[in-house]
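One structure is given here, and the rest of the page talks about it.
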Amino acid sequence: MEWETVIGLEVHAQLMTWSKAFSGAATKYGAEPNTQACAVDIALPGVLPVFNKEAARMAVKFGLAIGAQINHRSVFARKNYFYPDLPKGYQISQYELPIVAQGRIAIDVDGVEKIIGITRAHLEEDAGKSLHEDFRGMTGIDLNRAGTPLLEIVSEPDMRSAKEAVAYLKKVHELVRYLEICDGNMQEGSFRCDANVSVRPRGQAKFGTRAELKNINSFRFVEKAIEFEIERQIDLIEGGGKVVQETRLYDSDKNVTRPMRSKEEAMDYRYFPDPDLPPLTITEDFVREVRATLPELPQAKRARFMQDYGLNAYDAGVLTSSREMADYYEQAVRESRADPKIAANWVAGELSAFLNRDNKDIAASPVSAVMLAQLLQRLADNTISGKIAKEVFEAMWNGDGDADAVIARKGLKQITDSGAIETAIDAIIAKNPRQLEQYRAGKETLFGYFVGQVMKATQGKANPQQVNELLRKKLGS
Ligand code: ADP
Ligand code: MG
């Protein structure tokens, strides 16, 4: 039997507002526990929530970016359950009427484009955190995160493989960062995802029963968790069993998913409209205002990079993977007036490799766009060769100053004086009579040997093109 996988994702993106969704407390990550939780967040009796308009602005921005419908009237509802990190006893969310509905996001898997439907994106608040370390036999509660605004982005069950799910998740991640509505930090939990997974015999119209996988906090784990789950469900059905609808936790240490609660144990949240909050009204003017703040989106930027700079799809993809990287690249091209393709090779190649190696964000790169631009200029005006440029780049990375300073201090300036190069060539020829004889006898591969010797004698500084030309003349081939 051939099986088909069906996947739908629920993404929680923490919105980058300064204050919380319904209170004035700060949202900054990493503060001392309970120092950013006000009376509203700890649910003292008699307090009232006041909605943060910035959260609506960000949700609308997302909705516009995915071509969705913006609902002019949406409703906050109470989702009731008990948990120690939820002092009110309910989470404020949107249920029947979300702020954003029916959008679409294009993904690309192995060069094939596919549209993933977005069912809805709604506003809600985050809960606090339970702390299990440092509390012997007890649990600590930190309510700093309580009330932080979240955008929950729910996809249609449109994905058909773990690979597609990861591609989709990366697209959403890229988009929320482009829009500057979420920092996308998965380690700190500001971008999280639950994956709904089911399988069905290929050709069957009806979906199979799904399991919801929680607790996956990296792209790699999303792929692994889904792959494990697909195998588990197929093995179960082929062994005569039945998939039950349940919530499962992914254990990344053991690479397995295990049951958390079944449908029978599922909570009845008793949703109802929050009487403390009026329906959220979004006017046409507000939508227009937000639309005017939309940045150039990744897809458009990619197309423009290919068009304006003559880049291939791969390089354009790498260079537009974040707004910061794209800005860096464009600044380097602008300042250096260098060949955009050469600049692209440096940013997508050398710079990216160093950033990866040192696990640095481009914003924290020791080599700024202006510094790279100067290096590109020295390459273009033949002050240094490509090989020496890599040496200069590494020195700049290590804090040795800008390109001109490094070139001057280390004496790396390219030798373009043909007299000096000829002197070096003569010396090499004199030192290698046997090779010269063989070369003249027809062993042409020895030409490379002579080039290498001259480059070595000049510590790589001789202009390679001139070395080639002058050598040809001298060797008389
Ligand atoms: P809930 O609120 O209980 O999680 P939803 O109807 O909101 O349920 O669906 C949540 C997610 O599950 C959506 O992303 C949807 O696409 C996905 N989904 C629904 N049915 C299936 C299925 N049979 N297999 C895989 N994913 C599914
Ligand atoms: Mg769900």
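For reference, positions follow the sequence shown, starting with 1. This is a predicted model, so every value here is computed, not measured. Remember, it's 1-based here, ligands and their atoms both numbered in the order they're listed.
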Do E156 and T119 have side-chain N/O donor and acceptor atoms under 3.5 Å apart?
yes
Using a heavy-atom cut-off of under 4.0 Å, does the side chain or the backbone of D194 touch ligand 1, or both, or neither?
neither
Ring pair (Phe, Tyr, Trp, His ring centres under 6.0 Å): which pairs involve residues 120-153, sequence neighbours left out?
none
Closest to atom 20 (N) of ligand 1 (judged by heavy-atom distance), picking from R210, Q245, R120:
R210
Provide the number and element of each atom of ligand 1 under 4.0 Å from a heavy atom of E212.
4 (O)
Sub-3.5 Å donor-acceptor pair from the side chain of T17 to the main-chain atoms of K20, do we have one?
no
With heavy atoms of E10 as the reference, note each atom of ligand 1 found under 4.0 Å away.
4 (O), 10 (C), 11 (C)
Any atoms of ligand 1 less than 4.0 Å from a non-hydrogen atom of V154? List them with their elements.
13 (C), 14 (O)
N/O donor-acceptor pair under 3.5 Å between K88 side chain and I42 backbone:
no
When you compare ligand 1 with G208, is there at least one nitrogen or oxygen pair between them that comes in under 3.5 angstrom?
yes
Does ligand 1 come near enough to P157 that some N or O of the ligand is less than 3.5 Å from an N or O of the residue?
yes
Within the 4.0 Å heavy-atom cut-off, what E156 brings close to ligand 1 is backbone
Output all residues satisfying side-chain contact (heavy atoms from CB on, under 4.5 Å) with S352, sequence neighbours left out; order by chain, then residue number.
M325
Candidate pair E330 and R304, rule salt bridge (Lys or Arg N to Asp or Glu O under 4.0 Å), full reasoning
CA-CA 12 Å; E330 292 206 277; R304 181 169 64 81; 2.9 Å; yes
Is there a donor-acceptor contact under 3.5 Å from the side chain of T293 to the main chain of V290?
yes
Ligand-residue contact atoms, ligand 1 with V6, heavy atoms, under 4.0 Å:
24 (N), 25 (C)
